[in-house]
Amino acid sequence: MFYLSKIEHTLRLPPHLLSLPLDEAVKKELENIFLDKVIADLGLCISVYNIYEIEGGFIFPGEGASTYTAKFRLIIFRPFVGEIIAAKLKESDNSGLRLSLGFFDDIYIPNHLLLSPSNCKSDPTKRYEVIWTWDFDEGKLDIDGNDEIKFRVISVNYPSIPIEQTEGSKPFAPMVITGSIDDDGLGPVSWW
């Protein structure tokens with residue numbers, strides 16, 4: 001789920017950071033550049049783990065800041081296919097479920113990957129658009145958002161940035177996780 005990735009990046013160090021020790025100033029600028037950003041095919045940047053080399057300090061003509069090349073490691077969130085993760089319900093609609101880990105909200109469980117047979121009904125509390133129910137031999141179990149939901153990662157996608165976004169559409173998600181709860185032990189933890 002979490003990885004250390006080695007990165008090399010050339011950065012411009014703003015003059016207001018030059019009063020700090022060099023490694024501290026470079027770390028602040030790297031955090032500003034990378035934290036909470038998705039790097040395609042790598043994942044979501046969580047933290048700068050360490051900086052193991054800083055080179056440069058050149059001031060290019062016409063610039064008022066020095067430029068450094070830093071080699072460092074980032075802590076990256078990128079679940080692997082088949083991994084089981086527990087998350088909280090964020091949204092529920094006719095197309096399926098949207099889950100959240102707290103720091104990452106673009107996890108989708110499409111309706112065809114819910115336990116079978118499942119159906120949806122409108123939510124009387126209006127907390128969610130619909131409530132999904134699993135119908136099985138002994139009764140019915142609701143996915144109501146009270147418990148954590150365990151799901152299996154089916155895919156991790158990095159969609160291309162749209163050129164134009166229609167009004168009223170969901171915000172662009174640079175990393176999307178598709179999951180499944182159609183197996184034993186998956187779904188709300190209170191079921192099992």
Same cluster or not: [X] versus [Y], using hydrophobic residues (I, L, V, M, F, W, Y) connected whenever any side-chain heavy atoms lie under 4.5 Å apart?
{"X": "Ile84", "Y": "Leu97", "result": "yes"}
{"X": "Val153", "Y": "Tyr108", "result": "no"}
{"X": "Ile143", "Y": "Leu186", "result": "yes"}
{"X": "Leu35", "Y": "Phe104", "result": "no"}
{"X": "Leu74", "Y": "Val38", "result": "no"}

Partner residues of [X] under the side chain to side chain contact (heavy atoms under 4.5 Å, CB included) criterion, sequence neighbours left out:
{"X": "Glu24", "answer": "Leu20, Pro21"}
{"X": "Leu4", "answer": "Tyr49, Arg73, Ile75"}
{"X": "Phe103", "answer": "Phe2, Leu44, Ile46, Phe77, Leu101"}
{"X": "Ser190", "answer": "Asp147, Pro188"}

Take Arg78 and Met1, measure what side chain to side chain contact (heavy atoms under 4.5 Å, CB included) needs, and give me the verdict at the end. CA-CA 5 Å; Arg78 183 185 70 229; Met1 181 183 313; over 6 Å; no

Distance check, rounded to the nearest 0.5 Å: [X] atom [atom1] versus [Y] atom [atom2]?
{"X": "Ile154", "Y": "Thr178", "atom1": "CD1", "atom2": "OG1", "value": "8.5 Å"}
{"X": "Leu13", "Y": "Ser66", "atom1": "CG", "atom2": "OG", "value": "5.0 Å"}
{"X": "Asn50", "Y": "Asp23", "atom1": "CG", "atom2": "CG", "value": "11.0 Å"}
{"X": "Leu115", "Y": "Ser180", "atom1": "CG", "atom2": "OG", "value": "8.0 Å"}
{"X": "Asp135", "Y": "Lys140", "atom1": "CG", "atom2": "NZ", "value": "4.5 Å"}

If you compare all heavy atoms of [X] against all heavy atoms of [Y], which two are closest, and at what distance to 0.1 Å?
{"X": "Pro15", "Y": "Ala65", "answer": "CD-CB, 4.0 Å"}
{"X": "Ala70", "Y": "Leu30", "answer": "CB-CD1, 4.3 Å"}
{"X": "Pro110", "Y": "Gly179", "answer": "CD-O, 3.7 Å"}
{"X": "Gly102", "Y": "Ser100", "answer": "N-OG, 3.0 Å"}
{"X": "Phe34", "Y": "Cys45", "answer": "O-CB, 3.2 Å"}
{"X": "Ser155", "Y": "Val81", "answer": "CA-CG2, 4.3 Å"}

With [X], which residues qualify under side chain to side chain donor-acceptor pair (under 3.5 Å), at least two apart?
{"X": "Ser118", "result": "none"}
{"X": "Ser5", "result": "none"}
{"X": "Thr10", "result": "Thr69"}

Going by salt bridge (Lys or Arg N to Asp or Glu O under 4.0 Å), name the pairs with one or both residues in [range], residues two or more places apart or in two chains.
{"range": "residues 28-42", "answer": "none"}
{"range": "residues 50-59", "answer": "Glu53-Lys71"}
{"range": "residues 177-192", "answer": "Arg152-Asp183"}
{"range": "residues 93-110", "answer": "Lys90-Asp105, Glu91-Arg98, Arg98-Asp106"}

Got a donor-acceptor contact below 3.5 angstrom from the Asn111 side chain to the Asn94 backbone? yes

Counting neighbours of CZ on Phe172 that are heavy atoms of other residues, nucleotides or ligands and sit closer than 6.0 Å, is the number greater than 12? yes

Passing candidate, side-chain contact (heavy atoms from CB on, under 4.5 Å) with Ile177, options Leu99, Ile109, Ile85, Ile107: Ile107

[X] side chain near [Y] side chain, heavy-atom distance below 4.5 Å:
{"X": "Val156", "Y": "Met175", "result": "yes"}
{"X": "Leu89", "Y": "Ile149", "result": "yes"}
{"X": "Leu22", "Y": "Tyr68", "result": "yes"}
{"X": "Lys150", "Y": "Ile181", "result": "no"}

Please tell me whether Phe72 and His9 form a close aromatic pair, meaning their ring centres lie under 6.0 Å apart. no

Chi angles and distances behind the salt bridge (Lys or Arg N to Asp or Glu O under 4.0 Å) call for Glu148, Lys88: CA-CA 5 Å; Glu148 283 192 323; Lys88 291 295 241 172; over 6 Å; no

For Trp134 and Leu114, what are the C-alpha separation, side-chain angles and deciding distance, and is it a side chain to side chain contact (heavy atoms under 4.5 Å, CB included)? CA-CA 8 Å; Trp134 174 37; Leu114 297 172; over 6 Å; no

Side-chain cluster (under 4.5 Å, hydrophobic types only) that Tyr52 belongs to, other residues: none

